Trainee: 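My questions will all concern the structure given below.
What you are looking at is a predicted structure, and each value in this text was computed from that prediction instead of being measured. So you know, we letter chains A, B, ... as the sequences are listed, proteins then strands, and number each from 1.
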Protein chains: 2
Amino acid sequence: MAAGEFDLIARYFRPLAGPGSLSLTDDAAVLAPPPGRELVLSADAMVEGVHFLPADPPGLVARKLLRTNLSDLAAMGAQPLGYLMTVSARHGTPDAWFAGFAAGLAVDQAQFAITLLGGDTTSTPGPVSLSLTVLGTAAPGAAIRRNGARPGDGLWVTGTIGDGALGLRAAQGRLPDPTGYLAGRYRLPRPRLGVAQHGVVAAALDVSDGLVQDTGHLCRASGCAAEIWAEAVPRSAAARAAGAAWLPLCLTGGDDYELAMAVPDAAAPALREAAAAARVAVTQIGRFMAGPPEVVVRGPAGALLALGAGGWSHF
Amino acid sequence: MAAGEFDLIARYFRPLAGPGSLSLTDDAAVLAPPPGRELVLSADAMVEGVHFLPADPPGLVARKLLRTNLSDLAAMGAQPLGYLMTVSARHGTPDAWFAGFAAGLAVDQAQFAITLLGGDTTSTPGPVSLSLTVLGTAAPGAAIRRNGARPGDGLWVTGTIGDGALGLRAAQGRLPDPTGYLAGRYRLPRPRLGVAQHGVVAAALDVSDGLVQDTGHLCRASGCAAEIWAEAVPRSAAARAAGAAWLPLCLTGGDDYELAMAVPDAAAPALREAAAAARVAVTQIGRFMAGPPEVVVRGPAGALLALGAGGWSHF
């Protein structure tokens, strides 16, 4: 009897399992939802060679998988509750790969106070294919949508923009990255939990497809326009060191996993307070305006910048 | 701007989206859980070439993905609530594939009164890789576990056993299947929702890894032994027509997605009643016994049968 699949689950995934998981030995997890809260649910897939590089350490791959989903919860202003995960890996994948993968999850489970609820482990003849469904909760009506931006709201972002796209180039050896900072930002997003709060942030999403394209998503959902002030967009020291030629990529590249938020000016102090409590920088980079759902990017002295492709799409 | 990914979602997946999905245009779904109910959650992955054949019609693949997860809810005695899904497909996958995939989901959404809550669509350089996380609900404490079997309980199954494994051989052209019944059973499981009810069924799982192996899972979780009466195991007319040489595969092959249940004799009438209401056949095929967690299979006159490998494992 080929028990490898069950051995793998018992050895590497059961130690990650928390309340409700039934130790991963049943057909499903059973969980009493926190009373008086709404559920917030998101699912993402990651494929070797598309979302991560074959040589990436498995622990970082696992943490990126978990963190990209936590970033979706952060954008909704939700608190993490638990997750389910599927892992499809080739026959003959070494135990060390699974061990590293699970060790990465263990680190982030502790950091984000979340545990594994269930999932599935299968073989594949192709690239490693992963999926994760995260559950969070929010007070009723308090989940932050994309459709709440109003003309006059400030456009704010967390952290720095462009490190993800530059980091991919750095990881591929196409951009110098002497400190490894950029590649690290590509490999390990930082979900900005706790920053976007109901009553402060009117609309939010996480910047995964590129700042300009994702701001466009906010505009289309909210029925307004936006302008981005290129000079105001916060870039890391490493991104600035890469040179001005990379600015368009910073504004349109994906994988930042920072939040883009619509914030009425009156709520800006409250945003700064929440961000300080979460130890996250926030910066105003533009403004929403009345008009058709278009995003313009203005350079120094207000000149319009043309950026070419607006962001990343899988198809 | 490459909008193909968003077009795909809008065209094929948004029509499947229900309450809480926020039309698939936000970072996450938001759902008020039914008050006073527990959540029951399961996730499965399916990979082209492993769980389905490249030439399988995409609508059937989609329905199998949904139904294998619904089968997990059936085993827990839970009612379906909604699902999240990830789809990773090659660049250049024809629109017709996505259209067929979505059409299959639409059929089953109507049949099982369930809607899409969220998910992710990505590219892959390899085989189509799918995952689905299903949410269900059960009354508090009423989810049926694997660990409730007691010595003396009857071992019961729904439907017929072995069609899944024979159907795979039929679909591969390795077994005659003049009516297509067996291949159909492999391609389209029938989740047995409504049969396993709290207070009637003491323990249950769905038979996905083979009857003998899965009965062993019940035994290990419950701390008892079981015997299976091979002659009593219900087989379809098509399975019987395949001949006695296939009996071992019927008992050990996977992909049946029938339920195996521990039922005290006193509860057998209530089981029959629930099964009749769900229009599903139920059959007693053995009994749980005191002893170490082993499964024996007895043939005519009680002789022990040796079956070789006990079931399917991915590694």
Trainee: Which atoms of B/Leu130 are under 4.5 Å from chain A, going by heavy atoms: the side chain, the backbone, both sets, or neither?
Mentor: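 For B/Leu130, no heavy atom lies under 4.5 Å from chain A.
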Trainee: What part of B/Ala204 gets within 4.5 angstrom of chain A, counting heavy atoms only: side chain, backbone, both, or neither?
Mentor: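 Just its backbone gets close to chain A.
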Trainee: Relative to chain A, which segment of B/Leu117 carries a heavy atom at a distance below 4.5 Å: side chain, backbone, both, or neither?
Mentor: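 The answer is the side chain of B/Leu117.
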Trainee: Does A/Ala45 offer a backbone N or O that forms a donor-acceptor pair with the side chain of B/Asp120 under 3.5 Å?
Mentor: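 At least one qualifying donor-acceptor pair exists.
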Trainee: Let me know if B/Ser129 has heavy atoms under 4.5 Å from chain A in its side chain, its backbone, both or neither.
Mentor: side chain
Trainee: B/Thr25 and B/Ile9: side-chain contact (heavy atoms from CB on, under 4.5 Å), yes or no, with the steps?
Mentor: CA-CA 9 Å; B/Thr25 56; B/Ile9 293 168; over 6 Å; no
Trainee: Quick check for you: among B/Pro125, B/Ala143, B/Ala138, which has the greatest number of heavy-atom pairs under 4.5 Å with chain A?
Mentor: B/Pro125
Trainee: Give the member of A/Asp44, A/Val134, A/Leu205 that has the highest number of heavy-atom pairs under 4.5 Å with chain B.
Mentor: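 Maximum pair count with chain B is reached by A/Asp44.
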Trainee: Between B/Pro127 and B/Arg90, what is the shortest heavy-atom contact and its length?
Mentor: CA-NH2, 3.5 Å
Trainee: B/Phe13 vs B/Phe101 aromatic rings, parallel, tilted or perpendicular, using cut-offs 30° and 60°?
Mentor: perpendicular
Trainee: Highest number of heavy-atom pairs under 4.5 Å with chain A: which of B/Gly126, B/Ser21, B/Ala43?
Mentor: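 With the most close heavy-atom pairs to chain A, the winner is B/Ala43.
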Trainee: Go through B/Ser23, B/Ser42, B/Ala29, B/Pro140 and name the one with the most non-hydrogen pairs under 4.5 angstrom from chain A.
Mentor: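 Among the listed options, the one with the most contacts to chain A is B/Ala29.
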Trainee: Give the minimum heavy-atom separation between B/Ala102 and B/Tyr12, together with the two atoms involved.
Mentor: CB-O, 3.3 Å
Trainee: Among A/Leu39, A/Thr86, A/Thr133, A/Leu135, which has the most heavy-atom pairs under 4.5 Å with chain B?
Mentor: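 Between A/Leu39, A/Thr86, A/Thr133, A/Leu135, the count favours A/Leu39.
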Trainee: Is it true that A/Asp56 and A/Lys64 have a side-chain N and a carboxylate O under 4.0 angstrom from each other?
Mentor: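 No salt bridge links A/Asp56 with A/Lys64.
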Trainee: Of all of A/Ala75, A/Gly118, A/Pro33, A/Gly20, which one pairs up most often with chain B through heavy atoms under 4.5 Å apart?
Mentor: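 Among A/Ala75, A/Gly118, A/Pro33, A/Gly20, the one with the most close pairs to chain B is A/Pro33.
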Trainee: Hey, which of A/Asp72, A/Val30, A/Leu41 has the most heavy atom pairs under 4.5 Å with chain B?
Mentor: A/Leu41
Trainee: Non-hydrogen atoms of chain A under 4.5 Å away: do they reach the side chain of B/Ala32, the backbone, both or neither?
Mentor: both
Trainee: Let's go through B/Leu22 and A/Met76 carefully: what are the C-alpha distance in whole Å and the side-chain angles of both, what is the deciding distance for side-chain contact (heavy atoms from CB on, under 4.5 Å) to 0.1 Å, and is it a yes or a no?
Mentor: CA-CA 12 Å; B/Leu22 311 182; A/Met76 304 293 287; 3.9 Å; yes
Trainee: So if I apply the side-chain contact (heavy atoms from CB on, under 4.5 Å) rule between A/Phe52 and each of A/Leu65, A/Val47, A/Val128, which one comes out positive?
Mentor: A/Val128
